[in-house]
Amino acid sequence: MLAYFSLFCSGLLAATLFPASSEVLLLALLQQGYNPLWLLIAATAGNTLGSCVNWYLGLKLLNFQHKSWFPFSDATLGRAQQQFQRFGSWSLLFAWLPVVGDPLTLVAGVLKVRFKLFLLLVLVGKAARYAILIWFGNLWLV
């Protein structure tokens, strides 16, 4: 049980703006014989929850836009919003991608993407990524 909780926490941390990765732990646990379905559930749940944290932070972020310590310029926010609007909500299916995925979920919050739509798209994308990783892991680790 602790292994699945560790993977959940690893997935959660990896989905926030902190640099982390849950894939190595997932594959290590898979190699040790842990149940692939429970690994999928734990990793997906943690990673999706981390993205929800980003969405919420994005939602609240603009409340502080005019503070001197605010980390993003108006131009930076504008470019991020333009990029997101260019590709639309469907881009959230790719929230699992390195480098761009986490900021994408933050921008979705800034743009007030409906949470139910956000959750559905992010959940599907992240579950598919972990399922493929487990599938390949089973092929290589056998």
Side-chain angles (χ1 to χ4, degrees), residues 1-65 67 69-142:
M1 189 61 141
L2 184 59
Y4 299 114
F5 181 69
S6 296
L7 182 58
F8 172 87
C9 292
S10 176
L12 191 150
L13 186 63
T16 62
L17 298 176
F18 293 107
S21 173
S22 58
E23 293 84 5
V24 173
L25 179 58
L26 172 75
L27 292 174
L29 294 174
L30 185 64
Q31 184 177 25
Q32 292 173 23
Y34 283 90
N35 184 314
L37 178 61
W38 285 109
L39 291 174
L40 174 66
I41 291 169
T44 301
N47 211 244
T48 301
L49 182 60
S51 291
C52 291
V53 168
N54 290 344
W55 177 87
Y56 181 77
L57 290 174
L59 189 65
K60 299 299 178 186
L61 186 67
L62 293 182
N63 293 340
F64 304 101
Q65 187 173 7
K67 302 283 185 183
W69 51 263
F70 190 75
F72 306 108
S73 69
D74 288 342
T76 301
L77 280 175
R79 281 192 306 274
Q81 289 173 342
Q82 282 178 333
Q83 285 295 101
F84 186 86
Q85 289 171 336
R86 179 175 158 200
F87 297 107
S89 296
W90 291 105
S91 63
L92 290 168
L93 287 168
F94 300 99
W96 56 268
L97 284 171
V99 181
V100 297
D102 300 337
L104 181 65
T105 59
L106 185 80
V107 171
V110 169
L111 294 177
K112 299 180 178 145
V113 171
R114 289 180 301 130
F115 183 71
K116 286 182 182 180
L117 177 63
F118 171 86
L119 182 61
L120 176 68
L121 293 173
V122 169
L123 179 68
V124 167
K126 289 179 182 268
R129 183 261 316 250
Y130 282 120
I132 291 168
L133 188 59
I134 288 170
W135 184 74
F136 276 118
N138 276 326
L139 288 178
W140 291 328
L141 300 173
V142 172

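For this chain, numbers begin at 1 and follow the sequence in order. Side chains are part of it too, since the values below use all heavy atoms of this structure and drop only hydrogens, waters and symmetry mates.
Annotation: side chain of W96 is not in contact with side chain of S51 (no heavy-atom distance under 4.5 Å). In this structure the side chain of F118 reaches within 4.5 angstrom of the side chain of C52, judged on heavy atoms. Contact annotation: the side chain of L106 never approaches that of D102 to less than 4.5 Å [non-hydrogen atoms, C-beta and beyond]. Side-chain atoms of T16 and L13, non-hydrogen and from C-beta on, do get closer than 4.5 Å to each other. D74 has its side chain within reach of Q65: a pair of non-hydrogen atoms, C-beta onward, lies under 4.5 Å apart.
Between L30 and P36, the closest heavy-atom pair is CD1-CG, 4.0 Å. Minimum heavy-atom separation, A95 to V122: CB-CG2, 4.2 Å. Here the closest non-hydrogen pair linking N54 and A15 is ND2-O, 2.6 Å. Taking both residues in full, the closest heavy atoms of Y130 and G11 are given as OH-CA, 4.3 Å, listed atom of the first, atom of the second, then distance. Closest approach of N47 and A14 over heavy atoms only: ND2-CB, 4.0 Å. Between L7 and A42, the shortest heavy-atom distance links the atoms CD2-CB, 4.3 Å.
To the nearest 0.5 Å, the span separating SG on C9 from CG on L25 amounts to 10.0 Å. For the atom pair CG (N35) and CG (L29), the distance works out to 11.5 Å, reported to the nearest 0.5 Å. Rounding to the nearest 0.5 Å gives a distance of 14.0 Å between NZ of K116 and CG of L121. With rounding to the nearest 0.5 angstrom, the CH2 atom of W55 is 8.5 Å from the NZ atom of K60. Here OG1 of T44 is found 7.0 Å from CD1 of I134. Values are rounded to the nearest 0.5 Å. In this structure, CG in L12 is found 9.5 Å from CZ in F5, a value given to the nearest 0.5 Å.
Surrounding CZ of F115 are more than 12 heavy atoms belonging to other residues, nucleotides or ligands, all under 6.0 Å away.
A distance-only check finds no donor-acceptor pair linking the side chain of Y4 to the backbone of I41 [under 3.5 Å]. No donor-acceptor distance shorter than 3.5 angstrom exists from the side chain of S10 to the backbone of S6, with no hydrogens or angles considered.
A side chain to side chain contact (heavy atoms under 4.5 Å, CB included) with L92 holds for exactly one of L119, V113, L117; it is V113.
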